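Everything quoted here is computed from the prediction, not taken from an experiment. Every heavy atom of this structure was used, including side-chain atoms; hydrogens, water molecules and symmetry mates were not. Order of appearance sets the numbers: ligands from 1, and atoms from 1 within every ligand.
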Amino acid sequence: MSDRFDLAVVGGGILGLAHALAAARGGRRVVVLDREARACGASVRMSGLITVAGHAPGVQWRRAKRSREIWADVCQHAGVRIEHEGLAIVARRAEAAAPLEAFAASEAGSGCNFYRIEDAHALFPQFKGDIAGLLWSPDELRVEAKSALPKIAHWLEDAHDVAFRWETAVTAVGDGVIETSRGPIAADAAVVCAGDDFRTLFGERLAATGLTRAKSHMLRVRYDDGFELPGAVASDLAVLRLPGFAELDGVDALRERLEAEQPDHLQYGVNLLVSQSSDGSLIVGMSRQVDPSPDPFQPQAIDDLILDELAQIFGKRPKHVLSRWTGTYAYSPERPVVVEAPNERTRVVVAASAAGASSAFALGEETIAGLFGKAG
Ligand SMILES: Cc1cc2nc3c(=O)[nH]c(=O)nc-3n(C[C@H](O)[C@H](O)[C@H](O)COP(=O)(O)OP(=O)(O)OC[C@H]3O[C@@H](n4cnc5c(N)ncnc54)[C@H](O)[C@@H]3O)c2cc1C
């Protein structure tokens with residue numbers, strides 16, 4: 001054990017990097033340990049949409065706001081391109097328009113605007129289907145997750161002297177010593193950000209939290225008559241799915257209509273989320289199947305549900321599906337974030353939703369302040 005660190009972070013996904021940043025900014029010597037050769041978990045499979053609208057009011061919404069600020073700063077310093085900003089939630093039905101309009105008038109919707117049909121079409125001429133209006137949220141940021149993660153890791157290494165040990169599996173976190181597949185590492189404190197592996201470390205404790213896993217289908221597609229989206233796009237299904245809309249007037253009427261008209265979409269947890277990359281292709285997601293051991297298969301029938309919803313907005317299905325992938329993430333129907341403190345110097349932090357990257361940096365600040373005091 002040559003080096004001694006103030007903090008060992010288990011996991012080189014976005015949560016691990018966020019904790020490393022918060023500690024390094026407070027002057028701590030940090031090592032990040034990951035069993036893979038590079039990040040290849042949920043953080044590089046995600047849509048890359050850093051969201052604010054739709055988070056539950058209160059703590060989660062404030063976390064998303066704060067994280068968004070840090071994301072913008074990190075992107076600038078780490079050389080991560082922001083592909084586009086803002087999110088349009090398109091109401092295909094009048095039943096979706098009512099809650100979206102109510103949201104725009106609420107505190108959590110400050111900065112958002114609700115546009116009626118004509119204005120909505122003027123803003124997004126790409127929308128060809130019938131729409132009843134749209135909510136425009138200006139705060140969202142979209143990054144290309146696959147390239148953003150390694151860029152942020154390199155920046156942490158170069159600008160903040162964070163040490164990275166890839167291909168290093170952590171087998172136990174003890175008092176001042178982290179046991180790994182490459183031998184022990186000395187660290188005064190540890191934060192475990194192991195994503196949806198909540199069985200290897202502190203498994204018994206995490207089993208008691210009710211955490212499970214969810215699997216999502218994702219696609220990259222291209223339309224022949226290419227167009228540029230001003231921001232990311234979601235649809236009625238998001239109004240039902242996102243916790244920030246759950247309590248708004250009119251959501252029950254929307255649920256009733258979607259249950260009658262799109263039962264398969266609801267069964268497979270389809271929530272249309274479209275974002276665009278610099279080459280014009282679209283990343284389109286996503287489904288949600290909850291299972292403690294998700295299977296690795298990607299049935300076409302679920303991809304079709306996603307593509308059908310896309311066609312409802314853009315008037316047709318894209319001709320080209322360029323790639324497909326699945327991703328799994330930690331999931332809890334009750335708690336978007338699970339934080340455990342097995343002892344005074346150790347924290348386990350799990351983002352348990354399909355929007356975990358959006359609160360990562362605020363969570364990093366909170367955990368590090370709790371471990372080391374306000375200054376990190
Ligand atoms: C398809 C999909 C789309 C999504 N879209 C979005 C989105 O648009 N916006 C958003 O905010 N969120 C999104 N999410 C959710 C988001 O991706 C996750 O909440 C977030 O990436 C979780 O980050 P993490 O660092 O905790 O996990 P991960 O990225 O999975 O990283 C965990 C890391 O820990 C390592 N590890 C685990 N155990 C050990 C061990 N014992 N020793 C060493 N290393 C270990 C793993 O190798 C892995 O690299 C999406 C998720 C998916 C799957």
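Every N/O-N/O distance between Asp196 and ligand 1 stays at or above 3.5 Å. On a distance-only criterion, Gly12 and ligand 1 share no N/O pair closer than 3.5 Å. Between Cys40 and ligand 1, not a single N/O pair is under 3.5 Å apart. Polar contact check, Val170 against ligand 1: a nitrogen or oxygen pair lies under 3.5 Å apart. Any N or O atom pair closer than 3.5 Å counts here, and Ala42 shares at least one such pair with ligand 1. In terms of polar-atom proximity, Ala39 is not counted as a contact of ligand 1, lacking any N or O under 3.5 Å from an N or O of the ligand. On a distance-only criterion, Ala357 and ligand 1 share at least one N/O pair closer than 3.5 Å. Here's the thing with Leu15: one of its N/O atoms is less than 3.5 angstrom from an N/O atom of ligand 1.
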*Carefully, step by step, assess Phe361 and Trp71 under the rule ring-ring contact (aromatic ring centres under 6.0 Å, His included).*
CA-CA 7 Å; Phe361 284 107; Trp71 263 107; 5.1 Å; yes
*After noting the C-alpha distance and the side-chain angles of Arg93 and Glu256, does the key distance pass the salt bridge (charged side-chain N to carboxylate O under 4.0 Å, His left out) rule?*
CA-CA 12 Å; Arg93 302 167 177 85; Glu256 230 171 80; over 6 Å; no
*Please test Cys193 against His19 for side chain to side chain contact (heavy atoms under 4.5 Å, CB included), starting from the C-alpha separation and ending with a verdict.*
CA-CA 9 Å; Cys193 301; His19 283 81; 3.5 Å; yes
*Determine, step by step, whether Asp236 and Arg257 satisfy the salt bridge (charged side-chain N to carboxylate O under 4.0 Å, His left out) criterion, reporting the C-alpha distance in whole Å, the side-chain angles of both residues, the deciding distance to 0.1 Å, and the verdict.*
CA-CA 11 Å; Asp236 294 5; Arg257 194 154 167 205; over 6 Å; no
_Arg92/Glu309 under salt bridge (charged side-chain N to carboxylate O under 4.0 Å, His left out): CA gap, chis, key distance, verdict_ = CA-CA 10 Å; Arg92 289 179 47 215; Glu309 185 70 1; 2.8 Å; yes
_From CA spacing to verdict: salt bridge (charged side-chain N to carboxylate O under 4.0 Å, His left out), Asp119, Arg116_ = CA-CA 6 Å; Asp119 296 336; Arg116 301 201 165 276; over 6 Å; no
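Protein heavy atom closest to atom 3 (C) of ligand 1, with residue, atom name and distance, is Met46 CA, 3.2 Å. For atom 27 (O) of ligand 1, the closest non-hydrogen atom on the protein side is Gly195 CA, 3.5 Å. Looking only at heavy atoms of the protein, atom 43 (C) of ligand 1 is closest to Arg35 N, 3.2 Å. Of the protein's heavy atoms, Leu49 O, 2.7 Å lies nearest to atom 9 (N) of ligand 1. In this structure, atom 19 (O) of ligand 1 lies nearest to the protein heavy atom Gly356 CA, 3.1 Å.
No side-chain heavy atom of Asp175 sits under 4.5 Å from any side-chain heavy atom of Asn343. By the 4.5 Å heavy-atom criterion applied to side chains, Leu310 and Arg317 are not counted as neighbours. Inter-residue side-chain proximity for Glu228 and Gln276 is flagged as met; some heavy-atom pair is nearer than 4.5 Å. The shortest distance between side-chain heavy atoms of Arg288 and Tyr329 falls below 4.5 Å. With contacts defined as side-chain heavy-atom distances shorter than 4.5 Å, the pair Val348/Phe198 does not qualify. Phe245 is listed as a side-chain neighbour of Ile89, based on a closest heavy-atom distance under 4.5 Å. In this structure, the side chains of Val30 and Asp6 stay at 4.5 Å or more apart for every pair of heavy atoms.
Contact atoms of ligand 1 toward Tyr329: 51 (C), 52 (C), 53 (C) (distance under 4.0 Å to a heavy atom of the residue). Contact atoms of ligand 1 toward Glu36: 47 (O) (distance under 4.0 Å to a heavy atom of the residue). Those atoms of ligand 1 with a heavy atom of Gly11 less than 4.0 angstrom away are 33 (C), 34 (O), 35 (C). In the vicinity of Gly327, heavy-atom distances shorter than 4.0 Å reach the ligand 1 atoms 53 (C). Short contacts between ligand 1 and Met218, defined as distances under 4.0 Å to a heavy atom of the residue, involve ligand atoms 1 (C). Ligand-side atoms of ligand 1 in range of Ser47: 3 (C), 4 (C), 5 (N), 6 (C), 8 (O), range being under 4.0 angstrom from any heavy atom.
The shell of residues lying under 4.0 angstrom from ligand 1, judged by heavy atoms, includes Ser353. At least one heavy atom of Thr168 lies less than 4.0 angstrom from ligand 1. Residue contact annotation: Thr51 has no non-hydrogen atom under 4.0 Å from ligand 1.
A donor-acceptor pair shorter than 3.5 Å cannot be found between the side chains of Ser137 and Asp139.
For the side chain to side chain donor-acceptor pair (under 3.5 Å) with Ser277, the qualifying choice from His84, Arg142, Lys146 is Arg142, the only one to do so.
Contact annotation for Ala145 and ligand 1: no heavy atom of the residue comes within less than 4.0 Å of the ligand. Contacts between Ala354 and ligand 1, counted as non-hydrogen atom pairs separated by less than 4.0 Å, involve the backbone only. Counting heavy atoms under 4.0 Å from ligand 1, residue Thr180 does not touch it at all. At a heavy-atom cutoff of 4.0 Å, ligand 1 is contacted by the side chain of Ser216 but not by its backbone. In Arg45, the part holding a heavy atom less than 4.0 Å from any atom of ligand 1 is the backbone.
Within 6.0 Å of atom CZ in Arg335, more than 12 heavy atoms from other residues, nucleotides or ligands are found, so the atom counts as buried in its surroundings.
Taking each of Ala360, Ser358, Ala194, Ser181 in turn, the one with a heavy atom nearest to atom 11 (O) of ligand 1 proves to be Ser358. If you check each of Gly41, Ser43, Ser359, Gly13 against atom 23 (O) of ligand 1, the one with the closest non-hydrogen atom is Ser43. The heavy atom nearest to atom 47 (O) of ligand 1, out of those in Val192, Thr171, Leu201, Asp34, is found in Asp34.
Interatomic distance, CG of Asn113 versus CD of Glu101, reported as 11.0 Å (0.5 Å rounding).
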